[in-house]
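Residue numbers start from 1 in every chain, and the chains themselves are labelled A, B, ... in the order their sequence lines are given, proteins ahead of strands.
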Amino acid sequence: MHWADVAAKALSHKGDKHIVSTGITPSGEFHIGHLREILTGDMIARAARNAGLDVEFVFVVDTADPLRKVYEFLGPEYEQFIGHQLGSIPAPDADGNPDWKRFEEGWTYGDHFLKPFLEALEQIGVRPRIIDNLESYQSGKFDALAKIACDRADEIREAIERISGRELAEDWFPWSPLDSKGSLDGVKVTGYEYPLVHWHDSHGVDGTSDISKGEGKLPWRIDWPAKWGWIGVTCEPFGKDHGAAGGSYATGREIVQILGHEAPHPLTYEWISLKGQGAMSSSAGNTIGPIEALELVPPEILRLLVAKSKPNKAIEFDTGMSLVNLADEYERLAARDYTSELANEELSRRQRVQVEDAAGAMRMAAVEEGKVAQATAVTFRHLALLAQTKTTDDAVWDSLRHAGAIEQPTQSLIDRLTRMRAWIDSKHFPLEMKISILDAPNHSALAELNDDERSVLNSLAKALEDCEWNATSIGAAIPQSAKNMELSPKAGYRAAYAALMGKERGPRLAPILAEMDQKKIVELLNACAEHIN
RNA sequence: GGGCCUGUAGCUCAGUCAGGUAGAGCGUCGGACUUUUAAUCCGAUGGUCGCGGGUUCGAACCCCGUCAGGCCCGCCA
């Protein structure tokens with residue numbers, strides 16, 4: 001069973017109606033690590049729906065969280081906003097300075113980072129109900145539960161201290177009021193009678209905060225269970241940082257009971273890291289955003305990345321060769337017929353599980369829920385080759401038609417080619433996939449050739465010199481040059497690849513050579529032949 | 001110090017919850033396809049299941065210990 005189906009099954013034991021929730025703080029650029037959170041939730045919701053449950057998927061945007069520090073992409077002016085809520089401060093402009101003008105129009109820091117992420121989600125087929133946390137506080141959604149938290153502050157303090165093993169400050173209070181400047185930092189609570197919390201701030205000012213109007217927020221460890229309560233969350237995936245013993249889920253599951261609700265079914269997931277660069281971190285500049293990723297990778301393949309790995313497995317992502325392998329794996333999986341595979345009675349239990357997991361992963365990878373992926377009959381590798389050798393899209397389609405792979409390009413294939421071209425032009429495209437013809441003989445590659453293959457070089461140079469310079473003639477000339485010497489065509493290809501590309505094998509040479517200068521190619525071949533003799 | 005996760009074929013992993021002959025994909029190697037040679041098809045290769053004990057008729061799986069890697073125990077996502 002696919003991991004999402006396992007989770008759905010667990011939910012089905014608890015009831016028929018479910019709310020799967022995810023949440024992210026929009027403190028900076030979103031990256032594909034965040035995508036795991038939201039895709040994990042989306043996939044559980046799909047699986048639950050599949051299992052006949054009534055399920056809603058929500059995404060809480062934590063705009064009530066304060067700005068923690070002046071990040072590297074922010075100008076020094078942001079110093080004044082430290083401690084202020086992300087949904088109540090201006091967004092950075094292109095230079096990292098506060099964009100006051102758009103702020104007046106209602107464009108906040110939170111919006112700035114959220115908007116592109118939501119567009120990415122749209123493309124990737126995730127359409128959650130969005131809940132703005134700051135707005136939820138201000139409209140009183142937290143009111144009732146925040147009241148219980150404040151009324152029963154001692155019990156909550158005891159739970160946090162016992163479970164997390166840390167000691168809370170003497171003046172700790174389960175409500176963080178906004179101070180006279182609008183910051184959550186450095187405020188001391190001096191008294192409480194619902195709905196007012198009295199405080200003394202770091203500027204020496206005294207004031208009151210109205211809980212029911214969201215003039216402040218619950219500290220994170222209470223904020224989370226309170227959300228579970230008022231939203232009615234029954235399942236929530238979260239990063240392994242929250243899952244640790246003494247972490248916020250451990251305290252949350254107990255606090256939520258004090259608040260009069262049940263804890264949601266948890267699912268901890270591992271991080272996605274960039275290969276060789278460790279965990280993703282905006283400050284280290286080694287992030288890749290969902291938007292950037294989608295410019296290179298089709299959404300269903302990005303979904304497969306998350307779908308095929310069980311949540312507790314760390315994912316290593318990179319935009320080079322593993323992407324090619326992932327994409328080709330997608331094609332292979334799409335080409336299989338799972339129904340007939342599963343009909344085979346002779347499958348061992350183990351094999352059956354493997355087939356089921358593959359089928360499940362593909363079901364979860366589909367951008368449109370319930371849609372069955374169609375194999376495109378064109379691998380990523382092949383498309384990469386065509387995109388590099390054909391300047392126009394039409395030429396690519398012609399080539400594929402000619403090969404009998406397609407009749408008309410589908411929309412998804414057209415999208416894929418567009419992304420492929422973007423990928424090729426980007427810094428991410430792996431050298432290994434780049435097609436290049438040598439300028440000078442590659443000695444070590446030539447040394448690998450056997451005597452037969454070497455002997456073809458002269459004949460090959462001559463054949464190409466004499467042939468008409470188009471793909472068809474070149475294509476005929478390469479094997480013919482070997483046949484002339486009573487050798488198998490293989491010898492001709494081997495010789496050609498070693499001489500022209502410095503490799504043992506490669507993509508079809510003829511169409512590539514046809515785009516190049518005949519004289520140069522012949523010269524290179526002659527130089528290689530000479531080198532050998 | 002306390003806790004969680006991970007360790008299985010060259011690589012990526014499944015199989016661990018419900019113990020019953022070690023599984024896939026990729027890679028590699030070989031063959032076929034006499035010109036779609038990054039393709040396709042067929043075949044083969046490949047593992048002291050991190051290590052040591054224990055329970056059991058039987059352990060990758062359960063229990064105890066141990067080693068290695070990652071993470072958490074900060075008003076923190």
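As a whole-Å value, the separation of A:Ile272 CD1 from B:C71 C1' is 16 Å. One atom, CG of A:Asp5, and another, C1' of B:C17, lie 16 Å apart when rounded to the nearest Å. A straight line from CG of A:Leu326 to P of B:U12 spans 15 Å, rounded to a whole angstrom. As rounded to whole Å, 15 Å separates atom C1' of B:C71 from atom NZ of A:Lys313. Rounded to a whole Å, the CE atom of A:Met1 is 11 Å from the P atom of B:U16. Protein atom CG of A:Asp357 is 6 Å distant from nucleotide atom P of B:G15, rounded to whole Å. The separation between A:Phe238 atom CZ and B:C71 atom C1' is 14 Å, rounded to whole Å. Atom CG in A:Leu513 sits roughly 19 Å away from atom P in B:U35 (whole-Å rounding).
Here A:Tyr71 pairs with A:Phe73 under the ring pair (Phe, Tyr, Trp, His ring centres under 6.0 Å) rule; sequence neighbours left out. Under the rule for a salt bridge (Lys or Arg N to Asp or Glu O under 4.0 Å), the partners of A:Glu341 that lie at least two apart in sequence or sit in another chain are A:Arg336. Evaluation of the salt bridge (Lys or Arg N to Asp or Glu O under 4.0 Å) rule for A:Arg162 yields A:Glu158, A:Glu254 as partners, not counting sequence neighbours. For A:Glu465, the side chain to side chain donor-acceptor pair (under 3.5 Å) test picks out no residue, with sequence neighbours left out. The ring pair (Phe, Tyr, Trp, His ring centres under 6.0 Å) search around A:Tyr249 returns A:Trp228, A:Phe238, not counting sequence neighbours. Under the side chain to side chain donor-acceptor pair (under 3.5 Å) criterion, A:Thr190 pairs with no residue, sequence neighbours left out. Every residue two or more places apart in sequence or in another chain was checked for a ring pair (Phe, Tyr, Trp, His ring centres under 6.0 Å) with A:Trp3, and none qualifies. With sequence neighbours left out, A:His200 forms a ring pair (Phe, Tyr, Trp, His ring centres under 6.0 Å) with no residue at all.
A:Arg416 has a carboxylate O that lies under 4.0 Å from a charged side-chain N of A:Glu300, or vice versa, which qualifies the two as a salt bridge.
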Its contact letters, B for base, S for sugar-phosphate only and - for none at protein heavy atoms under 4.0 Å, make nucleotides 72-77 of chain B read SSSSBB
Protein-proximity profile, nucleotides 21-34 of chain B, B/S/- by nucleotide at the 4.0 Å heavy-atom cutoff, equals -SBBSS-------S
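The P atoms of B:A68 and B:G31 are separated by 46 Å, rounded to the nearest whole Å. Taking the C1' atoms as reference points, B:A60 lies 12 Å from B:G23, given to the whole Å. For the C1' atoms, the distance from B:G46 to B:U28 is 9 Å, rounded to whole Å.
Looking at heavy-atom distances under 4.0 Å, A:Ile435 makes contact with a base.
Between A:Phe113 and A:Phe117, a ring centre-to-centre spacing not shorter than 6.0 Å is recorded. A ring-centre distance under 6.0 Å is not found for A:Trp271 and A:Phe317.
Pairs engaging residues 263-272 of chain A under the salt bridge (Lys or Arg N to Asp or Glu O under 4.0 Å) rule: A:Lys240-A:Glu270 [sequence neighbours left out].
For A:Lys308, the side-chain atoms get nearest to B:U12 when compared with the rest of B:C5, B:U12, B:U35.
The phosphate of B:U6 has neither OP1 nor OP2 within less than 4.0 Å of any side-chain N or O from A:Lys310.
With a cut-off of 3.5 Å on both pairing distances, the Watson-Crick and G-U wobble pairs of RNA chain B assemble into stems of 3 or more at B:1-7 with B:67-73, B:10-13 with B:23-26, B:28-32 with B:40-44, B:50-54 with B:62-66.
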